[in-house]
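So the structure is just underneath, and the comments pick up after that.
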Amino acid sequence: MIDADSTHLWMHFWAIATAATVSAGCALVGSFLVVRRLSLLGDAISHAVLPGIVLAVLAGGRPGGAGVFLGAVVAGLVTVWLTNLLGTHAGLAEDAGAGVAFTTLFAIGVVLVSALASRVDIDPGCVLYGILELVPFDTVPILGLEVPRALLAAATVLVVLVIGAVVCWKELVFTAFDPAAARAAGLPVGVITAGLLVATSLATVASFEAVGAILVVAMLAVPAAAAELLVRRFHLMLVVAVGLGVAGSILGYLAAWRFNTNAAGMIAVVLGIEYVVAALVAPGDGIVARVVSRESLRWRVACEDRLASLWRAEEGDAAALAPRTLLDRLAQARLVFWGRIVPGRAGGLTDIGREEARVIVRSHRLWEAWLGRHVALPLDHLHPPAEWIEHHLGAEVRGRIAADLEGHEGDPHGRDIPSEEFPPRSADEPAR
Amino acid sequence: MTMSTTSAGLEFHDVTVAYGRRPVLWNVDLTVPGACLFGIIGPNGAGKSTLLKAALGLVPLAGGEVRILGAPLEQVRARVGYVPQRESVDWDFPVTVTDVVLMGTYARLGWLRRPGPRERSLAAECLDRVGLADVADRQIGRLSGGQQQRVFLARALAQQADVYFLDEPMAGVDARSQERIFRVLAELRAEGRLVVMVHHDLRSAGDWFDAVALIDMRLVAAGPVAEVLTPENLRRTYAGRLDLLDEIGRAVAEGGRTP
């Protein structure tokens, strides 16, 4: 699939570099927006910069030039100001206010573009979807190298954003976490928040040409949201978000090249896939982690129930239940394999299996006895809770329960509670 | 009650606070001596938190003046610590307990300087003081409510302030945390600092505070606990909404006139 022509390879390289640079800047800003629950504002600003860009071009600004950046930043701030205005004076909820402000501004931009099509060289289509594939054709010479203008703009913005984040790191984090306390401590919270919004406008404008208004939202929000699932420290979240953004841009571009489709769209799709994978594999709260934890508990409970049932059979109270379900049979096989149960049909407990089974039955009966003493429960209601809690009691808590029951030997059903150690230690023997 | 004769810790001079145009706290005139444990008590919606925020400059004053340690807030901000309500922040924020406590040192550090070994050992010390040394590296979302409240207190301690404002630090907090928090606050007072705290539980007020203010949209009474928490004052604070202030407030907000 790879084109042998080296000029073409250079074209792809420049396009990928532009996408990755744009994405890194968006992920950086997006991380702050995501933890401040302001992703929607990023969405709003990214749309609302359009009229600013159009007016700046109309006033003689070159696409991608400083004037256009200024126009976009002003438009972004106007959105935020309008949102607040609608909130405080028209009594509109913040999300509704943002919805009204940015759609109106974006619409004004669309109207301006079509009405002034003859005087403004902006294509509404590429405003929405970007033209990553055409980025390498508009270059400026730097040190003898023809560098795409869009890449130059994106790289400049990225450098500004990184410097801003490094210089204002403490202030940004404190303000994001607890604005009231930050203000009380004397930090310039208003300036910091305004700075974040200017940064959002900058990142958005730098991305416009490459990915368009709709997909820049994906670059702002998705890598940051995925990173938030994966790590628990904010500075790591930034690094992971930027990494995911850059990786998504490269993979998305390559996939678009391979399948011959829109590159910006494919990048957003890959970012979405990254988020789904993050939600699956996130440590602790991830879907895979939760399934594994639930299933391993089920598995442990089945094994322990099996051991306890054999122990009760040996005690002579009841016949051992034959394994019935598939899980029971698997548990039985595992216990035989690990030497807890004697192989064969009659299959009694081995010494080590008996040791473990005793502890489980001890937990069960201790809990029944404790419930019987401290909780108003009828005698025939004690078994089910004990059947559940027996799998979760450790040695220390068992000792505390036993101490609490001192002098009340036996469980409420009149059976002996097995000792913690075996053989039971005599009174004059020191503890192990 | 220890009366500092030199200078008052906190003074409100005829302070009125309004949201929009509507006054929610009327003409509070209150002087709190230095080095004491001071409780602000009143029913829901009485404006207790608002009074605290007015002192901290977090809400604009519609009238009047606040002085802390005898000076305007701007001059003494570095000497003022704040413990906001626990619900005011998002506890899923990706930071550890130590990260949050270190925030208390940020304002003093100034721009561009990062917390160093000195700040870290101070943070560890503050965490130890509130009994959280063993969860220093945990993500804040994994703490209990009482532990979260103590993290906030540790952050304020790391600020090494002379005046502390706490907004309902006992709300939704377990008994062990409550006791720990009060012990630390009593230590702060013993070190000669002023602690001003919004509190909602009348029963425990007498055990802990040196002095209290009863608030219900206006100051009802202030002074030593025994003098202030009288049946008559409590009736005036809790007996019913102040329909008069409510009605006038609404008229002010609407730019109209009361019936």
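Residue numbers begin at 1 in each chain, while the letters A, B, ... track the order of the sequences. The figures here come from the full heavy-atom set of this structure, side chains too, leaving out hydrogens, waters and symmetry mates.
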Within a reach of under 6.0 Å around [atom1] of [X], are more than 12 heavy atoms found that belong to other residues, nucleotides or ligands?
{"X": "B:Glu191", "atom1": "CD", "result": "yes"}
{"X": "B:Arg129", "atom1": "CZ", "result": "yes"}
{"X": "A:Arg300", "atom1": "CZ", "result": "yes"}
{"X": "A:Arg400", "atom1": "CZ", "result": "no"}

Legend entry - Per-residue contact mode, B:Phe152 against chain A (heavy atom under 4.5 angstrom):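 Just the side chain, heavy atoms under 4.5 Å.
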
Identify which part of [X] has an atom lying under 4.5 Å from any heavy atom of chain B, answering side chain, backbone, both or neither.
{"X": "A:Ala182", "value": "neither"}
{"X": "A:Arg36", "value": "neither"}
{"X": "A:Val166", "value": "both"}

Legend entry - Residues A:Asp178 and B:Arg155 bridged, charged N to O under 4.0 Å: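 Yes.
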
Inset, instruction - Identify which of B:Leu58, B:Val89, B:Val80 forms the greatest number of heavy-atom pairs closer than 4.5 Å to chain A. - result: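 Sorted descending by pairs with chain A, the first entry is B:Leu58.
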
Inset, instruction - Please name the pair of heavy atoms, one in B:Tyr82 and one in A:Ala184, separated by the smallest distance, quoted to 0.1 Å. - result: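 Of all heavy-atom pairs spanning B:Tyr82 and A:Ala184, the closest is CD2-CB, 3.6 Å.
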
Inset, instruction - With chain A as the partner chain, list the residues of residues 92-119 of chain B whose heavy atoms fall under 4.5 Å from it, by residue number, and write 'none' if nothing qualifies. - result: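 Hits under 4.5 Å: B:Asp92, B:Phe93, B:Pro94, B:Val95, B:Thr96, B:Asp99, B:Val100, B:Met103, B:Tyr106, B:Ala107, B:Leu109, B:Gly110, B:Trp111, B:Leu112, B:Arg113, B:Arg114, B:Pro115.
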
Inset, instruction - Could you please state which residues from residues 139-147 of chain B sit under 4.5 angstrom from chain A, measuring non-hydrogen atom to non-hydrogen atom, sorted by number, or 'none'? - result: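 Counting heavy atoms that sit under 4.5 Å from chain A, the residues of residues 139-147 of chain B involved are B:Gln139, B:Ile140, B:Arg142.
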
Legend entry - N/O donor-acceptor pair under 3.5 Å between B:Arg77 side chain and A:Ala185 backbone: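 Between the backbone of A:Ala185 and the side chain of B:Arg77 there is no qualifying donor-acceptor contact (under 3.5 Å).
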
